[in-house]
Amino acid sequence: MSEETTDTRRALLEVDDVTIKFGGLTALDGVTFDIKEGEILGLIGPNGAGKTTCFNVMTGVYQATSGQVRFAGSPLAKMQRHQITKLGIARTFQNIRLFKTMTALENVMVGADAHSKVGVLNALFRTPRHRRTESAAIEEARELLKFVGVGGRADELAANLSYGDQRRLEIARALATKPKLLCLDEPAAGFNPAEKQRLMELIRKVRDRGYTVLLIEHDMRLVMGVTDRIVVLEFGRKIAEGTPAEVRENPAVIAAYLGVEEDDDDAAS
Amino acid sequence: MTGTKKTARVFALAGVAALALSACGTTGGNNSANAGSGNSSGSGSCGHYEIAYMGALTGPNGALGQNMLGGINTALSEYNAKHADCKVTVKTFDSQGDPDQASKLALNVVNDTKVVGLIGPGFSGESKATGKTFFSAGLPSISPSATEVDLTEQGWTTWHRVIGNDSAQGAADAKYLTGKKVFVVDDASVYGKGLADVVRKGLKPVGNDEVQTGQTDFSATVTKIKGSGADAVFYGGYYAESGLLVKQLRQAGWKGLFMSGDGSEDPAFVKVAGSQAAEGAVLSAPAAPAPADFGTKYASANPGKTAGLYSTQSYDAANIFLAGIDAGDTSLSKMNDFVTNYSGTGVSGPIKFDSKGDIQTSTIYAYSVKNGQLDTANPAPIK
Amino acid sequence: MHTFTHQFFELTITGLVLGSIYALVALGYTMVYGVLQLINFAHSEVFMYGTFATAWVFVFFDQTGVNSIGGEIGFLLIALVVAMLVSGGVALLLERVAYRPLIKKNAPKLIALISAIGASFVLSEAMGLRDRIAAWFGLEDNLGNYVGNARNNYTMPVQINPKGLFTIGDYTVTDIDVITIVAALGMMFALQVFVSRTRFGRGIRAVAQDPESAALMGVNSTRVIQLTFFLGGLMAGAAATLYMLRIGSTRNDAGFIFGVKAFTAAVMGGIGNLRGALLGGLILGVAENWGSAFLGSQWKDVVAFVLLVVILLIRPQGLLGESLGKARA
Amino acid sequence: MNRYYDFAPSGLSRGWSAFRGWLGGLLDNKPTRVALIAVGIVFVYALPLLNLPVITTSGVDFGGVMFDAAAYALIAVGLNIVIGYAGLLDLGYVGFYAIGAYTTGILTTYHFHWPFLLALPVAIAVTMLSGLILGAPTLRVRGDYLAIVTLGFGEIIRLVIVNTHWLGAAQGIDNIPAPPNIGPNAPGQGGGLFQVPHLSWGTFPNIIDVGHKTPFLKFGPIDAIPFYWMIVTAFFIVIIADILVKNSRVGRAWEATREDEDAAELMGVPTFKFKLLAFALGAAVGGLSGAFYATRNGFISPATFLLLLSELFVAAVIVGGAGNRWGAAFGGVLVAYLPDRFRSFSDWRMLVFGLALMALAIWRPQGIFPPRRTRRALAAEAQIEELEGEAVDV
């Protein structure tokens, strides 16, 4: 599993006293934690705990009402979403959001394009630069598809892929943006145990490649099995943080989960 | 009346299926592709000749074009009754008053070897879009209704009109309004603005405004007119707007003289305005009322229809070409010379063209609304 | 400038009168958009049919020479009811023919727009060819008074002259001004109450908020959509009568520009928001008059559109935001 | 654009797909493909000369009609970039058509006297720039509002022209010169490098119509066919450019943005920049078409550039099949050609047109030629929906 003390590693992403209010509703209330380079951090909590909100503030979808999110030392506020992606944060979606009319390969290439500077003129005149970038992107995309396990279906339309493959394709697409931090939003939703097992392997493989992973997940077994550290939210507040073993024993966490059905997600969490 | 009022390009079409259905049933055939059928020129022997008409026959301005076509038909039926051996027919090119359609149709007109002359185009916009084509082909044309001033400034030696242009009318209107405090409004159209600008030049308006064709609420303009202290309003534009403007002026309590040009000279003006509001309005037109017997002739050639605006001018234009055919000048260049040098008196007045193709003498008449009706029979010539 | 300060009240009040008619038409756009997220491009023709219905009622009773609204009030009410029913009927027809087949197929929004544009052409042209259509049935002579002037201005046979009631600033407010504003506000208030207080209204709001949940809760969405179109049509019919009261003549293409303006008003106020439609309409009417006074009437439409763009840039959701689902009285 | 519909494959569409399969088989063979494409291109160029029965318009000059059809096809391909690729509903596209035409008119005759070929690239550049200027504020507006905002801008452009003396106001601009002739410039019917005779199908032996020839390449006011050749050439160039751009990072970014703007943004696509790019490129093509229109017609006036035309352009793209360049081009041809082919409907034209639009929308909501992959994606979607059995009736 993981080392007991992760403090020696550099914090990649710091969530510093972040509060978010929607109208009168406080979705996040002074949440602070960080993600160290190279670890797999789990973010859990019952429904409505603010997991997805937290996720969204980290990827630039929402702006924090107060507090700060810093990535590799620089604050994310005021940054546009695609710039955040270029900076090195990539994500997948709770409800799969692939580009359905594009092939699997093209979906991944969109991610790979994030760092491309090829514009209309290059494309129009098919410059060597365009050709170089394009073939590099194709090669990279094929490699990533193989890596996540859908290499054989590169030229299928995304909409034609099976559910599980679509989830994997999303991971490949996110990895193509060359992130430092990969955020997975309930990647196992709708999976059977065998698929979940394979997904755990994939997540570990991803980490072994040098990516840092943030995992939001309902399935406790999956979270406990794959993460190095866990942050627990409830009603917008952080109630616990620690290794899976520590969290499992934490009375506040047990109280929060007591009587709460684990597998009922759907509603905005 | 010139300009294209609602040039809403009218698109038509049918489903793809209809393509197959009507594959054989085409009408209005203008198939000029008969190999080598040249026009034997100036032989004097009477063949089959065609006079082309181009203008709106359908669409929003279709009624005006029908008036013109009726005038042409009247002339032709008279001619054909007298010349049993020599038939002249009219070939129509329905542009709907749209310059874009006209520019395509013009190509058909010039490629039709039977056509000896063109009556039209009806409006100024389509005239501008086609003049070069007709000029290049040497096809003589006589417009019964296009009045924009600079149409005859283009150097198109084939282009003529039997109606006084806006400059003549505007000058007369300005004269008519001399001594009054005039507020000038126009509709920003080629015709309306052109005419109003001539009026503006002829007198010092106390105020100006410009509206849009299709506008129905004139409260801001009414407010301005009332605020200016004007005792007369000149409106350059068509009756649809002028009728509403005078109505709203009267409703707001303004009591001065309302005057407009030939674009408003139509019984519909009174209808739109309402007879009370229209009462006393003066509408000018570069046309004398038709002689009494013209109405009878028109009705017999066009059963069920009555002559209207531009019918007399079209009748006169047709007669010029018919006289040319009689004289044997049936080649395009000879016909053009014949038209250019023509001199005579038609039902709309004396006709002789100046060097640019404008009619030399054109009297502008002031028609007024009396007893709730546009008095079309007794206009006063403006001198 | 002098004109403007001098006649501020006249420009503003006549602007409000026109604006309240815009607002009534805007309601139809806003409600359909709120429920279906569709721009009902053919709504302008629904309004146009109402103007003709109003004129036809007066032709039918052929009241001429009446000079005051007092003498006409009965006919006016009949015309109002008929115009509302005609417009409501046309709106229902529109929903049935041009929209429902597409809604059933769950077609993309863009294609519904094409269907609406097509329906708009058909409705407008059918009115412009009503003499020819009547001729199919051999009725062109019997119905001459109704189908005449098909492509031209069709006018009311009566002439209603406004009477001054009281003076604000330099402007004498007329009975037509008052009737228009009061009737428009009354209609809108009634609609608000209907949408917020009745069972049908709750259905509309439920579908506007969340169609899928509404369906699960047993709301008959087809019925709700029909009702939405019908209500929008009723409002457009009322607007049409008020319009005819002031303008007195119409034609088969009278709806187009007016519809564009009303839609602009709806978006300006926040599409989907009933009170937004009112606010948008009034602002548009006044802005047009002020703009005309400052720059000349030819810039009227430019003023309207520039205002729209500016408002959307500052407040992308419109002045009052979008909230048919949350409509409250 | 996120709603889909299902398909009931009819006999007709099955036959069609069989035909497509056969055609696809032919096209897989490279020499055959090259030959077929070459024949197709020659046919397109020769079309106005052939006087084919059924197709040729009887009441209107066929060359002129074909020019219009090609101009509309060009416009539809440009608008397809905006609507079909980037998913932006632009109801003011006629504004760009007008800007292209007016830039040409002003540069060649009204204020300056540049030759047409010099004015053309400037017209394209000016239109593209205006696309950027109009797009920068409007494209930040939410999708549905974009329609009304663009519609407003389209109308503003027309009204500014009507009310600005410097732009010719309502009178318009006339005497716009044609492109330079190639070959001797004798007056009358002559001139050009050589004369191309037309065909005639009336009487069998005289199949070549010697009395009716088109000079190559003389751009005069009495023959529209050389203009047609010019615009068809431009059309093919634009199509090639369209293929090159679509088939690159740019095209992927557009498609991703259209499919899911948020997801695209989070995958590092600067969506605003790409939407603006689509807007500007679409505008440039519209401007190109406008410039050709101006030189062919010789006269332009604001009465041409009505709002209605914008609706028609949008209808062309959607009826043809948004997202498919050939579909859009076909829609453009259809919308320009059918009214002239069916002139005999006269007064009923517009009514029939409206009915046709409604019928097409209802019976073929995906357009006549939808993009192949959209079709496949939709089919898959429908299948999944069927399997899940969760068809929620909205």
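Quick caveat, the model's predicted, so the values are computed rather than measured.
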With distance as the sole criterion, is a donor-acceptor pair present between the side chains of [X] and [Y] under 3.5 Å?
X	Y	value
Thr174(C)	Asp177(C)	yes
Tyr238(B)	Asn153(C)	no
Tyr243(C)	Thr216(B)	yes

Between [X] and chain C, with a heavy-atom cut-off of 4.5 Å, which part of the residue counts as in contact: side chain, backbone, both or neither?
X	result
Lys271(B)	both
Ser275(B)	both
Ala63(B)	neither
Gln212(B)	side chain

**Study point:** Option that, when pairs with chain B are counted at under 4.5 Å, heavy atom only, ranks first among Thr172(C), Thr14(C), Leu18(C), Ile247(C)
**Key:**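 The option with the most such pairs is Ile247(C).
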
**Study point:** Residue among Val17(C), Asn252(C), Thr155(C) with most heavy-atom pairs under 4.5 Å to chain B
**Key:**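 Looking at each option in turn, the highest pair count goes to Thr155(C).
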
Review point. With chain C, which of Gln248(B), Lys226(B), Arg250(B) has the greatest number of heavy-atom pairs at distances under 4.5 Å?
Key: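 Of the options given, most contacts go to Lys226(B).
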
**Study point:** Carboxylate-amine/guanidinium contact Glu125(C) Arg151(C), below 4.0 Å
**Key:**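 Yes, charged N to carboxylate O under 4.0 Å.
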
Show every donor-acceptor pair shorter than 3.5 Å between a side-chain atom in residues 254-262 of chain C and any protein atom, with sequence neighbours excluded, or say none if there are none.
residue, atom, partner, partner atom, Å
Lys261(C), NZ, Glu288(C), OE2, 2.8
Lys261(C), NZ, Asp301(C), OD1, 2.7

Practice item. Measure the OG1-CZ distance between Thr264(C) and Phe305(C) for me, rounded to the nearest 0.5 Å. Key: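 That separation rounds to 4.5 Å.
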
